[in-house]
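Indexing begins at 1, ligand by ligand and atom by atom, following the structure's order.
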Amino acid sequence: MEQIKVIVAGYDHYEGVDVNPSYQVSQALAEHGMEGMRPVGPTEEDPLEGVDLAISSVTMSVSFAKAWPILHEAIERVRPDIIIATGLKRRARGIAMERCAVNLKEDDADDRENLGEQESRDAVRHASRQPIDPQGPAAYWTRLPLRAILHDFGTCGIPATLSSDAGTYVCNALFYNLLAWAAGHKDVLAGFVSLPLVNESGGQECGLPLDQQIQAVREVVNETIRYYRRPSSSPILIA
Ligand code: PCA
């Protein structure tokens, strides 16, 4: 059996949010694995066939200074083949598949976790931005097969979009550091999935039920394993 190790990372308490779906989703995948994945069609090859899959979760702090060191320590310890980082994007209507991590972060934003919601919004509006790494490239591309994942979401009816960036707060900085690391580890696939607020009503407002978000990240893991085992020659990023 081929062993494949996956890390699914999420964040702990995020000011002003009751349930951070990134925490719940990463816990659910580590505890229940790929349980409940729908059976694949007769023509489709099951990417998990013959795979001894181990999923671990990592919980990061919402802090520029702490998030990447926490994930990096877990990467060194687990030595994963695939890393899926997740975070909450409050205004997202559905799942946002992040195409790239940009070399930009808000100034002085480390203190934002101690601010209230309105103060936090003001801080964002007035924040100046600076590079994460003055010597680094302007952006890194995700290493996840976004085309296949979005196709898969369409089949399962999971609302999703392609997104050009995860903002300029901790999620983007974490993603940038992760992809900078992955640039030196070509055998590892890594990417970032932004999740919407948890909304159990399934109405027109922003957000998706937690179960659907868990299913979405399972699909991301599934399609990424498919690509990991059989890299395609076609472009993976453009939907
Ligand atoms: N979202 C924040 C950080 C933690 C989270 O879940 C962000 O968008 O950067």
Side-chain angles (χ1 to χ4, degrees), residues 7-30 57-74 83-133 139-140 142 144 160-181 190-199 206-210 212-214 216-217 220:
I7 283 183
V8 180
Y11 289 93
D12 60 14
H13 180 69
Y14 184 21
E15 188 65 39
V17 178
D18 290 339
V19 184
N20 191 338
S22 72
Y23 175 78
Q24 310 278 345
V25 165
S26 57
Q27 295 296 310
L29 263 79
S57 65
V58 174
T59 304
M60 304 172 292
S61 306
V62 183
S63 153
F64 280 113
K66 294 181 200 151
W68 169 240
I70 291 171
L71 180 55
H72 187 225
E73 184 279 321
I83 304 155
I84 314 284
T86 67
L88 170 67
K89 201 178 213 173
R90 293 183 210 230
R91 280 178 295 277
R93 292 198 151 263
I95 309 291
M97 297 304 303
E98 302 297 348
R99 275 184 134 167
C100 47
V102 293
N103 192 0
L104 214 54
K105 71 168 186 168
E106 289 161 24
D107 222 356
D108 294 323
D110 253 344
D111 292 334
R112 191 131 72 76
E113 59 213 270
N114 300 319
L115 300 177
E117 209 175 325
Q118 184 57 47
E119 287 167 294
S120 166
R121 267 202 294 273
D122 291 345
V124 173
R125 213 168 295 128
H126 299 125
S128 60
R129 286 151 175 50
Q130 56 178 312
I132 295 164
D133 175 1
Y140 286 106
T142 187
L144 301 184
T161 53
L162 262 185
S163 165
S164 59
D165 64 75
T168 51
Y169 192 40
V170 176
C171 286
N172 173 68
L174 179 276
F175 189 20
Y176 189 89
N177 284 311
L178 171 60
L179 290 182
W181 176 89
F192 196 95
V193 181
S194 289
L195 303 171
L197 286 164
V198 173
N199 171 5
C206 283
L208 294 176
L210 186 59
Q212 199 169 29
Q213 302 203 31
I214 294 170
V217 177
V220 171

Residue part near ligand 1, for Val62, under 4.0 Å between non-hydrogen atoms: side chain
Closest non-hydrogen atom pair, Arg90 against Gly16: NH1-O, 4.0 Å
Over 12 non-hydrogen atoms of neighbours within 6.0 angstrom of OH in Tyr23: no
Close-contact set for ligand 1 against Gly87 heavy atoms, below 4.0 Å: 6 (O)
Side-chain heavy-atom pair Glu98, Ser163 within 4.5 angstrom cut-off: yes
Closest protein heavy atom to atom 6 (O) of ligand 1, given as residue, atom name and distance to 0.1 Å: Leu88 N, 2.8 Å
Validation row: Leu71, Trp181 side chains within 4.5 angstrom (heavy atoms): no
Element-labelled atoms of ligand 1 that are located less than 4.0 Å from some non-hydrogen atom of Val170: 9 (O)
Enumerated ligand 1 atoms positioned under 4.0 Å from heavy atoms of Asn20: 6 (O)
Part of Asn172 with heavy atoms under 4.0 Å of ligand 1, whether side chain, backbone, both or neither: neither
Arg129 side chain reached by Lys105 side chain, heavy atoms, under 4.5 Å: no
Numbered atoms of ligand 1 (with element) below 4.0 Å of Tyr14, judged on heavy atoms: 1 (N), 2 (C), 5 (C), 6 (O)
Contact atoms of ligand 1, heavy-atom distance to Cys171 under 4.0 Å: 1 (N), 2 (C), 3 (C), 4 (C), 5 (C), 7 (C), 8 (O), 9 (O)
Ring geometry between Phe192 and Phe175 (parallel below 30°, tilted from 30 to 60°, perpendicular above 60°): tilted
